[in-house]
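Input: a single structure, listed below in structure tokens.
These numbers come from the heavy atoms of this one structure, side chains and all, not from hydrogens, waters or symmetry mates. So that the names make sense, note that chain A is the first sequence line, chain B the second, and so on, each numbered from 1. Bear in mind that the values here come from a model prediction, so they are computed numbers and not experimental data.
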Amino acid sequence: MRSNKIVPYIFLLPAALIIIVGLFIPLWNSIILSFYDWSFGQAWSDKEFLGFENFVRLWNDEESWRSVRITFVFGFWVVLLEMLIGLGLALLLEKPLVGSTFFRTIFVMPLMIAPIVVGLIWRYLLDARNGVVNYYLENIGEAVPFLQNLGFVRHSWLSDPNLAMFSIVISDVWQWTPFIFMIILAGLQGLPSDVIEASFIDGANWWQMTMQVKLPMMTSIILIALLMRIIDVFRALEVIYILTNGGPGGNTRVLSLHMFQTAFQARDFGYAAMLALLLSVILIILSVILMLFNNPLKEDS
Amino acid sequence: MSNIAYSKPKRKIPWADVGRYVVLVVLAVVTLLPILIMVATSFKLQVDILSKDMNWIFKPTWSNYDKILNDSKFLIYMSSSLVIAISATLLTLITGAMAAFALARMKFPGRKIIAQSTLIIRMIPPAVLAVTVVGFWITWGLGDAIPGFRVRFPVGRAEFFDGSQLGLIIFYTALNLPFTIWLLFGFLQQVPRELEEAAIVDGANAFQTFFQVIFPIMSSGFAVSAIFTFRIAWNEFILAFMLSNRFTKTLPVYASEFISDEGVVWGQMMGVGTLIVIPPLILTFFAAKQIIGGMTAGAVKG
């Protein structure tokens, strides 16, 4: 477009200002703050310079590395389950069926609901005293006493150290599996039909076609879905906050929750900023990897 | 097509399809059941919720909603949520469309750097912002009010919108802009350049072209972006929890307050939850296809 040299910048200015104020300055502040000791209620100017002390503390802080490990465990299970179930269902339901619009609408719902509400719903379902899950487990167990040995009794889903992680994984799988399912379904339905037909004529059966033709063509889509989920695992906070608040005994305290609690419960903002920085670095690295696979602002391909 | 393997002579029952429908129905039930239980519980009396039996058949009661809606706080928080979510959505659309237009249609030094830096920080979660923002938030007194940014709303005695709302609007806009710019950039690439070129030949400048030619034909792109921005702004909890004051709380913050160790009021909690999910679910009914398109655009179009 033939235009004045300043014009592009004028168009960019409002968005740039908001992004600078809302994203860059806070991030910059977390870098600054991570060199200081500052707690709630203290005047901003009274913050104490610590140099790299927060960094050294992070390096040696067993509690923080434990939260990183917990994030990995949580991430491993949710990503594995969501990818397997999502991929399996997409392959099974690939063929367009009458009424798929109706089902699609249902599957989008968990993704549109506020995380806080997802937390409240599962908090109720898994509640030890009044929860629906325990009610049915107990009733089935009483009806068929043999099953009681297999776990059909009441459980403290959210406060039992062995079950709390399982509970937050289940709620996440419920909310996010449809996302994987729909991404992969869209990918499958967008595969060029001539290749599929050719391999069919060559005598490939369903299994061969899936493993040797479709999945290889889907590699980048599957990788992108995987990366998006890994990124979201590091961002996850609200549902866990409502369900277990990191408990019992810090068993479900993922990194983002650890950061949140360091800031707003321990009121140790300098160190929380250090953790925020760690989280940001992880997310920025993951975003760059994601961008290598698919750069949405690339010129039309 | 992949389904050739399953096509059999016409008169037989297509068992493969029947099987698919069974799987679909089971999935739909698993997806819907938790939401339905929330809605059902919101129509139950506390006695029924706490009783030993799971009353699937019960006499629905409005009492939870009566209590929620008669509490003046709810209306204040709902208006606060609406003011914040709608303002953030409008601001995101206007500024995002302008930026996308510049990035998609103009060549200028720094274009690549600007585009990539927005993409790199697009995954920063609200909680990271909350940690660092609270410091200068309190120091600058933003939590109370910026003089001159007070508008009176006829709800309760709250004054809208004050500093904390303005702050949340800016943060939600900033959090949504990278994705919105990217989405609208994609839409713009599908808009033929001929229209703009014709406008320029007619003597229109860049601004006239943008607002009179591009803006009107972007409506489908705007609809999708608006849904995504509204969803984030309406649902967000952490920043709102930290930054809002007692007049500017949003509904997710209000809902979280029902969690307590001693005796949760399940009925009202589920009622507030139900009220929070209504707007996003209405959007889902109208635009499920576009929402999926937006969610999968990053992965599928490539």
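Only the side chain of A:Y9 comes within contact range of chain B, with heavy atoms under 4.5 Å apart. If you measure heavy-atom distances from A:I20 to chain B, you find no contacts under 4.5 Å at all. For a residue to count as touching a neighbouring chain, one of its non-hydrogen atoms must lie under 4.5 Å from one of that chain's; by this rule B:T41 touches chain A with the side chain only. When heavy atoms are compared at a cutoff of 4.5 Å, B:I232 does not approach chain A at all. Heavy-atom distances place both the backbone and the side chain of A:I121 under 4.5 Å from chain B. Neither the backbone nor the side chain of B:P279 has a heavy atom closer than 4.5 Å to any heavy atom of chain A. With a 4.5 angstrom heavy-atom cutoff, B:I124 touches chain A via backbone and side-chain atoms both. For chain A, the nearby part of B:L281 is the side chain; its heavy atoms alone come within less than 4.5 Å. A:W28 does not touch chain B: none of its heavy atoms, backbone or side chain, sits under 4.5 Å away. Heavy atoms of A:N205 lying under 4.5 Å from chain B are absent altogether. For B:V272, no part sits under 4.5 Å from any heavy atom of chain A, backbone or side chain. If you measure heavy-atom distances from B:M123 to chain A, the contacts under 4.5 Å come from both the backbone and the side chain. Both the backbone and the side chain of B:L24 come within contact range of chain A, each with at least one heavy atom under 4.5 Å from a heavy atom of that chain. Residue B:Y172: no heavy atom, backbone or side chain, is found under 4.5 Å from chain A.
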Which side-chain N or O atoms in residues 101-114 of chain A pair as donor and acceptor under 3.5 Å with protein atoms at least two apart or in another chain?
from	atom 1	to	atom 2	distance (Å)
A:T105	OG1	A:T101	O	2.8

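When all heavy atoms of B:I37 and A:Y124 are compared, the pair lying nearest together is CG2-CE2, 3.8 Å. The two residues A:L283 and B:P125 have their closest heavy-atom pair at CD1-CD, 3.3 Å. The shortest non-hydrogen separation linking A:V98 to B:Y21 is O-OH, 2.7 Å. Considering every non-hydrogen atom in both A:M182 and B:I292, the closest pair reads SD-CD1, 3.4 Å. Nearest heavy atom pair, residue B:A99 against residue A:A15, reads CB-CB, 3.8 Å. Taking each heavy atom of B:P34 and A:L125 in turn, the nearest pair found is CB-CD1, 3.8 Å.
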Are A:N29 and B:V133 close enough, and set up right, to give a side chain to side chain contact (heavy atoms under 4.5 Å, CB included), and what steps lead you there? CA-CA 8 Å; A:N29 265 288; B:V133 159; over 6 Å; no

Give the intermediate values and the outcome of side chain to side chain contact (heavy atoms under 4.5 Å, CB included) for residues A:L120 and B:M38. CA-CA 9 Å; A:L120 295 179; B:M38 169 177 75; over 6 Å; no

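Side chains of A:P8 and B:R111 form no contact here, defined as non-hydrogen atoms less than 4.5 Å apart. Within the 4.5 Å cutoff, side-chain heavy atoms of B:F241 are placed close to those of A:F260.
In this structure, A:S280 OG and B:L129 CG are separated by 8.0 Å, a value rounded to the nearest 0.5 Å. The CD1 atom of A:I25 lies 10.5 Å from the OG1 atom of B:T132; values are rounded to the nearest 0.5 Å. Interatomic distance, B:I238 CD1 to A:I116 CD1, rounded to the nearest 0.5 Å: 6.5 Å. Atom CG of residue A:L290 and atom CZ of residue B:R122 lie 5.0 Å apart, to the nearest 0.5 angstrom.
The side-chain contact (heavy atoms from CB on, under 4.5 Å) test with A:L23 singles out one residue from B:V128, B:T118, B:L175, and that residue is B:L175.
With hydrogens and angles ignored, the 3.5 Å screen pairs a side-chain donor or acceptor of A:W174 with a backbone N or O of B:V30.
Proximity of the aromatic rings of A:Y241 and B:F237 is defined here by a centroid distance below 6.0 angstrom, and this criterion is met.
Counting heavy-atom neighbours within 6.0 Å of B:F207 CZ, excluding the residue itself, gives a total above 12.
Qualifying side-chain hydrogen bond (donor to acceptor under 3.5 Å, both in side chains) partners for A:Q261, counting only residues two or more places apart in sequence or in other chains: A:N245, A:R253.
When the candidates B:N205, B:I120, B:I170 are compared by the number of heavy-atom contacts under 4.5 Å with chain A, B:I120 comes out ahead. Counting heavy-atom pairs closer than 4.5 Å to chain B, the top-ranked of the candidates A:F234, A:F24, A:F11, A:F181 is A:F11. Of the residues considered (B:P109, B:S256, B:P178, B:A287), B:P109 shows the highest number of contacts with chain A, using heavy-atom pairs under 4.5 Å.
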